[in-house]
Amino acid sequence: MERAFGVADFLSRVRADDGLPVLARAMDVLQWVVSGLVTNARKYVPGPALLELRVAGVRLK
């Protein structure tokens with residue numbers, strides 16, 4: 001998986017900037033989920049698509 005579209009960088013920034021704990025397992029699972037979503041979007045969605053990740057409190061949305 002090619003760094004799962006920046007998920008690892010995003011979660012590393014969350015850990016460093018916001019001081020929130022990010023478990024290695026959570027990073028692995030999120031990379032897998034994002035990879036699947038982006039792959040399906042590229043395959044089935046005509047035109048551009050956007051996937052936005054953000055932190056709200058202690059949750060990733």
Side-chain angles (χ1 to χ4, degrees):
M1 186 178 346
E2 187 180 317
R3 298 194 68 196
F5 310 98
V7 172
D9 292 337
F10 173 78
L11 291 176
S12 294
R13 283 194 316 269
V14 166
R15 185 183 306 157
D17 297 347
D18 299 327
L20 296 175
V22 179
L23 300 175
R25 174 84 175 130
M27 191 173 294
D28 291 342
V29 169
L30 189 58
Q31 288 179 7
W32 178 76
V33 169
V34 168
S35 177
L37 289 171
V38 171
T39 298
N40 285 337
R42 290 184 70 181
K43 186 173 181 179
Y44 298 111
V45 175
L50 172 68
L51 177 64
E52 181 181 24
L53 298 175
R54 60 188 168 95
V55 175
V58 295
R59 294 179 184 228
L60 181 65
K61 292 187 174 195

**Message:** Within this structure, what is the CZ-CG distance for the pair R15 and L23, rounded to the nearest 0.5 Å?
**Reply:** 8.5 Å
**Prompt:** When rounded to the nearest 0.5 angstrom, what is the spacing between CG in L37 and CG in L30?
**Reply:** 9.0 Å
**Item:** Heavy-atom closest pair, residues L11 and V22
**Value:** O-CG2, 3.9 Å
**Asked** What's the shortest heavy-atom distance between V55 and F10, and which atoms?
**Response** CG2-CZ, 4.1 Å
**Message:** Using the side-chain contact (heavy atoms from CB on, under 4.5 Å) criterion, which residues pair with A41? Sequence neighbours excluded.
**Reply:** V45, A49
**Asked** Would a distance-only check, ignoring hydrogens and angles, find a side-chain to backbone donor-acceptor pair under 3.5 Å from S35 to Q31?
**Response** no
